[in-house]
Number of protein chains: 2
Amino acid sequence: MGAPQDSLTYLLLKAAKRSLAALEAELADLDLTARQYLLLTLAATGKELSQQDLAAKLDLDPTIIVKIVDQLEDRGLLERTRATDDRRRHQLILTPAGKQLLRDARAREQSVERTFPASASLRDLLRNALGY
Amino acid sequence: MGAPQDSLTYLLLKAAKRSLAALEAELADLDLTARQYLLLTLAATGKELSQQDLAAKLDLDPTIIVKIVDQLEDRGLLERTRATDDRRRHQLILTPAGKQLLRDARAREQSVERTFPASASLRDLLRNALGY
DNA sequence: TATTGTTATACTCTATAACTATA
DNA sequence: TATAGTTATAGAGTATAACAATA
């Protein structure tokens, strides 16, 4: 007892960093950061998420979301449109190029995840723990 | 398929952040950050770890380690002594106050981890995945 | 009045480079 | 010549506050 590898927080931090680094490396070919990829994924769900919702889901400040969306919009991967029911909100719509890139990115993520030991049971456990 | 909660990286990041936040909150009473706590834990193992070793284990820059050790030393929780076999290296020794605080901190971490769903099996899985 | 998104700015955190001492 | 630790500084990343538009 007492070693840092007994600490769940330590283990989660290490695993998250390793997983993130592997994903970033895999997405580098596509000129996509993990954040951009995850934001694209959220925008692609079709749910009417405000940028503030995205901020909460990605644990980021709303002002950071603005910048990431700027980057993706500048590259023509998504577009901001006004939500019809509440014109303060922006509805993020993936362009065809964005959808294609997201497909490629997903395939890459899946291949990198297969290299992570026990990824399937780990995912199940985390989903339960986080309430998804 | 395709939702962010399918992404192992996303799940690990969320879980790590949640776990870290809970730990920080629990350690706040002791005026200890999670980093300081984890460094103390590593220093307490008795292994002759250089500050560079600590940097690698904590995924931090060596210059960050200097500052954290400064903070802990200023509070009288540990002391830098020169390693006898290689006088370039610093051997970090916990003071009695440091040992006592570490005991308290560990107890707090254990209690907060018990609130994390399936923490035991999660820890086992992560240990295996990370090769500990 | 409150909320969404945005911008500009200040702040914090981290990494880089240069130095001392030991090897 | 290389490595451990330190310091000062530059750079990146983040949050804060103020604003316009909409509710």
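Heavy atoms only: backbone and side chains are in, while hydrogens, waters and symmetry mates are out. Order of the sequence lines fixes the chain letters, A, B, ..., with proteins taken first and strands second; residue numbering starts at 1 for each chain.
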Q. Is the side chain of B/S19 donor-acceptor paired with the backbone N or O of B/A16 at a distance under 3.5 Å, no angle test?
A.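 Side chain of B/S19 to backbone of B/A16: no pair is present.
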
Q. Does the A/R82 side chain pair with the main chain of A/H90, one donor and one acceptor, at a distance under 3.5 Å?
A.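 Not at all, since once roles are kept as given, no pair shorter than 3.5 Å links the two residues.
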
Options [options], nucleotide nearest the side-chain atoms of [X]:
X	options	value
A/R88	C/dT3, D/dT7, C/dT14	C/dT3
A/K67	C/dT22, D/dT14, D/dT7	D/dT14
A/D86	C/dA15, D/dA23, C/dT6	D/dA23
B/R89	C/dT4, C/dT6, D/dG5	D/dG5

Take the protein atom [atom1] of [X] and the nucleotide atom [atom2] of [N], then report the distance between them rounded to whole Å.
X	N	atom1	atom2	answer
B/L54	D/dT6	CG	P	11 Å
A/L49	C/dT4	CG	C1'	14 Å
A/I64	C/dG5	CD1	P	15 Å
A/Q51	D/dA21	CD	C1'	14 Å
A/D74	C/dT6	CG	C1'	14 Å
B/L60	C/dT12	CG	C1'	15 Å
B/I65	C/dT16	CD1	P	15 Å
A/Q71	C/dT6	CD	P	13 Å

Q) Going by distance alone, is a donor N or O of one side chain under 3.5 Å from an acceptor N or O of the other, for B/Y10 and B/Q5? A)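 B/Q5 and B/Y10 do not have a side-chain donor-acceptor pair below 3.5 Å.
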
(Q) What I want to check is whether the side chains of B/Q71 and B/Q36 have a donor and an acceptor closer together than 3.5 Å. (A)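 The criterion, which ignores hydrogens and geometry beyond distance, is satisfied for B/Q36 and B/Q71.
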
What's [X] touching, base or sugar-phosphate or nothing? Going by heavy atoms closer than 4.0 Å.
X	result
B/R35	sugar-phosphate
B/S50	sugar-phosphate
B/D61	base

(Q) Taking 4.0 Å as the cut-off, does a side-chain nitrogen or oxygen of B/R80 come that near to OP1 or OP2 on D/dT6? (A)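 Checking D/dT6 against B/R80, a side-chain N or O does come within under 4.0 Å of OP1 or OP2.
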
Q: Ignoring hydrogens and angles, answer whether the base of D/dT22 and the side-chain atoms of A/R87 contain a donor-acceptor pair closer than 3.5 Å.
A: no

Q. Below 4.5 Å, heavy atoms only, C-beta onward: do A/R80 and A/E73 meet side chain to side chain?
A.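 Of all side-chain heavy-atom pairs linking A/E73 with A/R80, at least one is under 4.5 Å.
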
Q: Map A/R82 and B/Q52 onto DNA chain D by nearest heavy atom, then report which one ends up closer to the 5' terminus.
A: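 Closer to the 5' end of DNA chain D: B/Q52.
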
